[in-house]
Amino acid sequence: MVQKIGNSFYKHDAETLARDLIGAILVHRRRGRIYRARIVETEAYIGPHDLASHSSKGRTKRTEVMFGPAGFAYVYLIYGMYEMFNIVAGKKGSGQAVLIRAAEPLGGWDADLSGPGKLTRALGITRSMNGLDLTGNRLYLVPDPQYQPRIWRAKRIGIEYAGKWKHRKLRFFDDGSAAVTHRPSG
DNA sequence: GCGTCGATGGCA
DNA sequence: GCCATCGACGCG
């Protein structure tokens, strides 16, 4: 039985966490079944000064979890129909999170997890899990040191409004994965 | 293969 | 009035 990723890991800043989560395994225990998937694409939202980050709007009902302690799920609805799964990062109050954008199913289970909306839908992650402790037994991560991803970085997706922040390479992905979205052509 | 567009609801 | 998305549709 592999050790679950613990709280100290999540306390790293969002940029570090986003990179370090590439290749890790997401586990969801749901209705007596267990779903595992290898994370292959993430994005870092690095604090209130980052105009692409929801925390730049300040503390609101929605962003409250982002300003809480690291290692909790931040799940929100976008475009009226897609749930986005994030992991709160950094020191408590720093307003950082990592968006999980794509993964590959593991363990004989087949699904298309190529995109943040598709991933949450297939894994059954919903807003009811907003604020869930990821060191618990329902939704958690485990490291896979045997797996060696080829990590690249690129601009984040869908944040054209964010001024200079839209250029920052805060998206990380495993170049060896076919599930990666918006692969840069250069 | 690529660009465009509509769905759909919570949020400030 | 947006929006950390997705899939359908029309090209030629």
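Below, chain A is the first sequence line, B the second, and so on; all start at residue 1. What you see is a predicted model, and the numbers here were worked out from it, not measured in a lab.
Of the N and O atoms on the side chains of Tyr147(A) and Asp174(A), at least one donor lies less than 3.5 Å from an acceptor on the other residue. Between the side chains of Thr60(A) and Thr63(A), at least one donor-acceptor pair of N or O atoms lies under 3.5 Å.
The listed nucleotides are dG10(B), dA12(B), dT5(C); the one nearest the side chain of Thr60(A) is dA12(B). When distances run from any side-chain atom of Pro116(A) to the nucleotides dA4(C), dG9(B), dC6(C), the shortest one goes to dC6(C).
Around CZ of Arg36(A), the count of heavy atoms belonging to other residues, nucleotides or ligands within 6.0 Å does not exceed 12. A 6.0 Å sphere centred on NE2 of His28(A) holds more than 12 heavy atoms belonging to other residues, nucleotides or ligands.
Across all strands shown, Leu77(A) has heavy atoms under 4.0 Å from sugar-phosphate atoms exclusively, and none from any base. No engagement by Lys57(A) is indicated, since no non-hydrogen atom pair under 4.0 Å with the nucleic acid exists. Within the 4.0 angstrom heavy-atom criterion, only backbone atoms of the sugar-phosphate kind lie near Arg127(A); the bases stay farther away. Here Arg156(A) lies out of heavy-atom contact (under 4.0 Å) with every strand. Across all strands, Met81(A) comes closer than 4.0 Å to base atoms (heavy-atom distances). Ile159(A) comes within 4.0 angstrom of sugar-phosphate atoms only, judged by non-hydrogen atoms across all strands, and of no base.
To the nearest angstrom, C1' of dG10(B) lies 12 Å from OH of Tyr76(A). Following rounding to the nearest Å, His182(A) (NE2) and dC2(B) (C1') show an atom-to-atom distance of 13 Å. Atom CD in Glu83(A) sits roughly 20 Å away from atom P in dA7(B) (whole-Å rounding). In this structure, Tyr79(A) places its OH atom 14 Å from C1' of dC11(B), rounding to the nearest Å. Put simply, CZ on Arg62(A) is 6 Å from P on dA12(B), counting in whole angstrom units. Between Leu51(A) atom CG and dA4(C) atom P the separation is 12 Å, expressed in whole Å. For the pair Glu160(A) CD and dG1(C) P, the interatomic distance rounds to 22 Å; values are reported in whole Å. Going from atom CD1 of Ile78(A) over to atom P of dA12(B) covers 12 Å, rounded to whole Å.
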Evaluation steps, side chain to side chain donor-acceptor pair (under 3.5 Å), between Asn86(A) and Tyr76(A): CA-CA 9 Å; Asn86(A) 301 254; Tyr76(A) 66 91; 4.8 Å; no
Full working for side chain to side chain donor-acceptor pair (under 3.5 Å) between Glu104(A) and Ser177(A): CA-CA 8 Å; Glu104(A) 292 184 356; Ser177(A) 172; 2.4 Å; yes
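Between Lys166(A) and dA4(C) there is no side-chain polar atom (N or O) within less than 4.0 angstrom of OP1 or OP2. Applying the 4.0 Å criterion to OP1 and OP2 of dT5(C), one finds that Arg101(A) has a side-chain N or O inside that range.
Side-chain to base pairing of Tyr82(A) with dA4(C): no donor and acceptor N or O lie closer than 3.5 Å to each other.
Across all non-hydrogen atoms, the minimal contact from Arg38(A) to Gly23(A) is NH1-O, 2.9 Å.
By the stacking rule of 5.5 Å between ring centres and under 30° between planes, Tyr45(A) stacks on the base of dA4(C).
Looking at Thr42(A) and Ile22(A), their side chains come closer than 4.5 Å, going by heavy atoms from C-beta outward.
Remark: DNA chain C takes part in the stems B:1-7 with C:5-11, B:9-11 with C:1-3, each of 3 or more antiparallel Watson-Crick or G-U pairs, criterion distances under 3.5 Å.
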